Each structure stands twice: as C-alpha cells, then as structure tokens.
Amino acid sequence: MIQNKLLVILGPTASGKTDLSIKLAKKFNGEIVSADSRQIYKGMDIGSGKVTKKEMAGIPHHLLDVANPKNRFSVVQYQRLALKAIKDIQKRNKLPILVGGTGFYIQSIVNGIVIPEVKPDWALREKLSKKSLPELVKQLKKLDPVRAGNIDPNNPRRVVRALEVILKLGKPVPTLGSKESSFITLQIGVTKSPEELKNLIHKRLIKRLKNNAMINEVKKLHLPAGRHGKNGVSWKRLEEFGLEYRFVAQYLQDKITKQEMIEKIQIESEHYAKRQITWFKRDKKINWIKNYKEAEKLIKNY
RNA sequence: GCCGGGGUAGCUCAGUGGUAGAGCACUGCUCUGAAAAAGCAGUGGUCGAAGGUCCGAUUCCUUUCCCCGGCA
C-alpha cells in the first residue's frame with residue numbers, strides 16, 4: 001500500500017540530503033521531488049548544489065529546472081507542480097520522496113497550506129513600497145485590523161503583501177488555512193553538529209570554487225544569452241538569490257574581493273543553515289536521524 | 001634612540017570627570033504567492049598595566065609595556 005505515502009527528507013544546507021535520498025530511492029523504489037527554491041531554476045546548478053545526471057544514478061528527479069531565473073517563482077507555483085508530480089509518482093506505484101531545505105515549500109505540501117488566491121502584482125508592490133513603512137502599517141490597520149495584529153510590522157515585504165491581498169481581494173486576508181493533506185507522511189530530518197555543518201559548508205564551497213566553476217556559472221547567467229540581444233540575469237536579480245549568487249555577483253562587479261566573497265558565502269551559509277534549523281524545529285513530527293541506517297529503519301516501519 | 005598616532009566587546013572602531021556604546025560576529029526567534037529572501041530580539045567589556053590628582057577616573061597627570069607610521 002504505497003498509494004498515498006509521502007516520504008520527506010529535509011535538513012539544513014550541506015547536511016547530505018541528496019546522497020541519502022538517492023540511496024533511499026534505490027532501496028525503496030522511489031522517485032525524488034526536489035523542495036529547493038533555487039534548484040527550481042534553470043542554469044543555477046553548481047551554486048545551488050543541484051544533483052548531476054551522474055549522481056542521480058537513474059533515479060527520476062522532479063521539480064528541477066522548471067523555471068527561468070529571470071522570472072520570480074513562488075510557493076504557490078511550487079505547490080501546484082509538486083503536488084502534481086507526487087500524485088503522478090503514486091499513481092505509478094512508486095514512492096515519492098520530497099527532498100530539500102526550503103521549509104516553506106515543504107510546509108506547502110505536508111501541511112497543505114492554502115495561500116490567498118492573489119497573484120503577485122509587482123507594479124502595485126512597487127507603488128506601495130514608495131510609501132514609508134509606518135504609513136503602510138497604518139493603512140493595513142485600517143483595512144484589515146486582524147492581519148495588522150498578527151503581522152510583523154517591521155517587515156516591509158510582508159506588510160506590502162498583506163495590503164496587496166486586501167486591495168485585490170477586496171476583503172481581509174483569510175486566516176491561514178490548510179486543506180488536510182491527504183498524504184500519509186513520514187518526515188525525516190538529517191542532523192549534524194554545528195561544527196560538522198560548518199566544515200561541510202566549507203568543503204563544499206572550496207569544491208564549487210575549483211576551476212572557477214561557480215564563478216563561470218554566474219558569469220554565464222548574467223551575460224547576454226544568444227545572439228538576439230536577449231539579456232541575461234541582471235545583477236539585481238542575482239542579488240535576490242542570496243548566498244553564492246549574491247556574493248559571486250558582487251565579486252564580478254568588483255564590489256568585493258575574492259577573499260571577501262569566500263568569507264561572506266561561508267558565514268551567510270552558516271546563518272542560512274541556522275535559520276533552516278529554527279524553521280524545522282517547530283515541526284514536532286520530524287524524525288531526526290544521523291545516518292542512512294537510522295533512516296532505513298524508520299522507513300521499514302512506515 | 002628620537003618624534004608623532006594608537007591601545008575600549010571575538011573583530012573594526014565611537015565616546016564621556018559620575019564605572020560605557022555602534023556595526024559585524026555570536027545566541028535565540030518570526031514566517032499567509034520573493035523564503036538561499038525579508039524581518040525581530042538577546043548575550044557580551046575589571047575601557048593595556050601600575051601609581052597619582054579628585055568626593056569620584058575609562059576619561060586628567062606620571063611611569064611602564066605593546067602596536068603602527070616618520071626621522072635617525
């Protein structure tokens with residue numbers, strides 16, 4: 001009875017989710033669905049730590065390379081595509097394995113959260129962003145006191161989004177819903193000690209820097225593609241991606257030295273790993289494991 | 001050796017005659033179509049050492065040790 005089972009492998013960056021998931025997929029007749037907000041994009045391979053064809057070892061992978069880095073992707077798009085992929089895998093009587101470190105994406109599948117049906121309106125966002133934050137908060141309080149009460153008033157991004165929902169929907173932001181997920185889910189989290197994690201991040205970074213591979217990748221992303229005068233990914237957009245893409249872009253623009261670039265990627269990756277751990281900590285249903293054996297044992301009982 | 005400048009939080013530095021702050025780091029946290037994003041909070045210092053003046057010195061004076069420039 002594999003019908004609606006869903007295995008989830010999560011954990012902080014560099015914790016070894018990829019290797020583990022491929023081993024498990026082989027063992028349990030699975031297919032992998034990525035839950036990574038950067039591996040979604042085409043052309044972002046080395047910097048995002050995307051699996052290579054060779055590493056896949058014949059295991060089908062879904063939700064990689066499904067978006068153009070020039071366009072912004074979002075959780076809702078992810079949710080739709082991932083859900084479809086998972087159901088399709090189940091239909092073929094194989095085990096879907098959701099693998100990644102993007103907590104929000106995982107939550108959108110596992111908890112089936114329902115996000116207000118209001119598409120991002122970038123023109124509106126830009127217009128709103130011209131006002132001061134206190135002004136926006138004031139406006140939100142007036143239009144939707146409930147949402148204003150539970151939102152972080154210091155976070156412009158959230159406040160703008162809340163206003164966007166009200167203005168387009170014409171009614172208050174619905175309280176966060178969740179359509180009871182129909183999956184029988186087993187969530188497995190990979191843990192590493194802080195020291196180990198720092199070490200793994202460092203080793204991985206050195207590897208990515210080898211032969212300028214990662215720097216060339218970012219260069220290639222930014223440079224005009226093709227001969228039709230089509231522009232590549234802007235520096236501004238690369239900045240938005242954070243970590244390797246942000247700091248390599250800054251280095252390529254001569255804003256920081258190579259040494260600074262390396263230091264920043266390292267330290268910011270450590271911060272990122274902590275944020276991921278903080279996020280995952282809230283979900284008490286995650287089974288934390290240290291190695292493959294423990295994971296295998298859990299799955300056998302599942 | 002002489003002349004300057006400096007020694008204050010893990011780092012870079014601000015500051016005051018009434019026992020001290022910032023940014024970063026560190027720790028914890030938030031998360032309703034950007035989530036590797038965007039935000040929030042907290043810990044932390046016998047103010048280089050020893051004397052002196054003063055009710056009181058990190059701040060003034062003296063000595064001393066160390067660092068950085070310049071001149072020898």
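Everything numeric in this text was worked out from a predicted model, so none of it was measured. Each chain gets a letter, A, B and so on, in the order the sequences are listed, and its residues count up from 1.
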* Asked: Just how far, in rounded Å, is C1' of B/G33 from CG of A/Asp121?
  -> 12 Å

* Structure fact -> A/Met44 CE to B/A37 P, in whole Å, measures 12 Å

* Structure fact -> Symbol by symbol from the 5' end, with Watson-Crick or G-U pairs under 3.5 Å, [ ] crossing and | another strand, RNA chain B is (((((((..((((....[..)))).(((((.......))))).....(((((..]....)))))))))))).

* **Phosphate OP1/OP2 of B/A35 contacted by A/Arg275 side-chain N/O (<4.0 Å)** => no

* 5' priority, RNA chain B, between A/Gly103 and A/Thr278 [closest heavy atom] -> A/Thr278

* Looking at every strand, decide which applies to A/Ser48 at a 4.0 Å heavy-atom threshold: base, sugar-phosphate, or nothing. => base

* Is there a donor-acceptor contact under 3.5 Å linking the side chains of A/Glu270 and A/Gln266? -> yes

* Under 4.0 Å between a side-chain N or O of A/Lys264 and OP1 or OP2 of B/C24? -> no

* Distance in angstrom units between A/Tyr41 OH and B/A37 P, rounded -> 13 Å

* Identify whether any heavy atom of A/Arg237 sits under 4.0 Å from a base atom; if not, whether one sits that close to sugar-phosphate; answer base, sugar-phosphate or nothing. => nothing

* Asked: Can you tell me how far C1' in B/A9 sits from the matching atom in B/A72, rounded to whole Å?
  -> 39 Å

* Asked: Hey, does A/Gly47 reach any base, or is it just sugar-phosphate, or nothing, if we go heavy atoms under 4.0 Å?
  -> base

* Please work out if A/Ile267 contacts a base, only the sugar-phosphate, or nothing of the nucleic acid, heavy-atom cut-off 4.0 Å. => sugar-phosphate

* Asked: Heavy atoms under 4.0 Å, any strand shown: does A/Lys168 hit a base, just sugar-phosphate, or nothing?
  -> nothing

* **C1'-based separation of B/U32 from B/A25 [nearest Å]** => 33 Å

* Name the nucleic acid region contacted by A/Val173, choosing base, sugar-phosphate or nothing; use a 4.0 angstrom heavy-atom cut-off, strictly under. => base

* Remember a base hit wins even if backbone is also touched, and classify A/Val118 as base, sugar-phosphate or nothing at under 4.0 Å, heavy atoms. => base

* To do: May I ask you to decide if A/Lys219's main-chain N or O and A/Asn216's side chain share a donor-acceptor pair within less than 3.5 Å?
  => no

* Within the structure shown, what part of the strands sits under 4.0 Å from A/Gln276 by heavy-atom distance: base, sugar-phosphate, or nothing? -> nothing

* To do: Check every strand shown and say whether A/Arg125 touches a base, only sugar-phosphate, or nothing at a heavy-atom separation below 4.0 Å.
  => base

* To do: Would you kindly give the CG-to-C1' distance between A/Asp152 and B/U30, to the nearest whole Å?
  => 7 Å

* Asked: Parallel, tilted or perpendicular: which fits the ring planes of A/Tyr105 and A/Tyr78, with parallel below 30° and perpendicular above 60°?
  -> parallel

* Asked: In terms of the angle between their ring planes, are A/His222 and A/Trp235 parallel, tilted or perpendicular, with boundaries placed at 30° and 60°?
  -> parallel

* To do: For the residue pair A/Ser74 and A/Arg72, establish whether any side-chain heavy-atom pair is separated by less than 4.5 Å.
  => no

* Please give, in whole Å, the distance from B/G39 P to A/Phe104 CZ? -> 17 Å

* Asked: Is A/Arg72 side chain donor-acceptor paired with the B/A37 base, going by distance under 3.5 Å alone?
  -> no

* Asked: What does A/Gln107 touch in the nucleic acid at a heavy-atom separation under 4.0 angstrom: a base, only the sugar-phosphate, or nothing?
  -> nothing

* Cation over ring, A/Arg246 on A/Tyr272, under 6.0 Å and within 45°? -> no

* To do: Tell me which of A/Ile151 and A/Glu240 sits closer to the 5' end of RNA chain B, going by the nucleotide each one is nearest to.
  => A/Ile151

* To do: Begin with the C-alpha distance, continue with both residues' side-chain angles, and end with the deciding distance and a verdict on salt bridge (Lys or Arg N to Asp or Glu O under 4.0 Å) for A/Asp88 and A/Arg92.
  => CA-CA 6 Å; A/Asp88 177 63; A/Arg92 288 183 280 107; 3.0 Å; yes

* Asked: Between A/Glu239 (CD) and B/A38 (P), how many Å, whole number?
  -> 8 Å

* **Among B/A37, B/G33, B/G39, the nucleotide that comes nearest once only the side chain of A/Arg161 is considered** => B/G33

* Report which part of the nucleic acid A/Tyr105 touches: base, sugar-phosphate, or nothing (heavy-atom distance under 4.0 Å, all strands). => sugar-phosphate

* Show your reasoning for whether salt bridge (Lys or Arg N to Asp or Glu O under 4.0 Å) applies to A/Arg237 and A/Glu240. => CA-CA 5 Å; A/Arg237 178 69 177 135; A/Glu240 284 179 4; 2.6 Å; yes

* What interatomic distance, in whole Å, is found between P of B/G44 and the corresponding atom of B/A57? -> 25 Å

* Distance between the C1' atoms of B/U8 and B/A49, in whole angstroms? -> 15 Å

* To do: Quickly work out the A/Asn154 CG to B/U30 P distance and round it to whole Å.
  => 16 Å

* If you measure from the Lys or Arg side-chain nitrogens to the Asp or Glu carboxylate oxygens, is any gap between A/Lys50 and A/Asp65 under 4.0 Å? -> yes

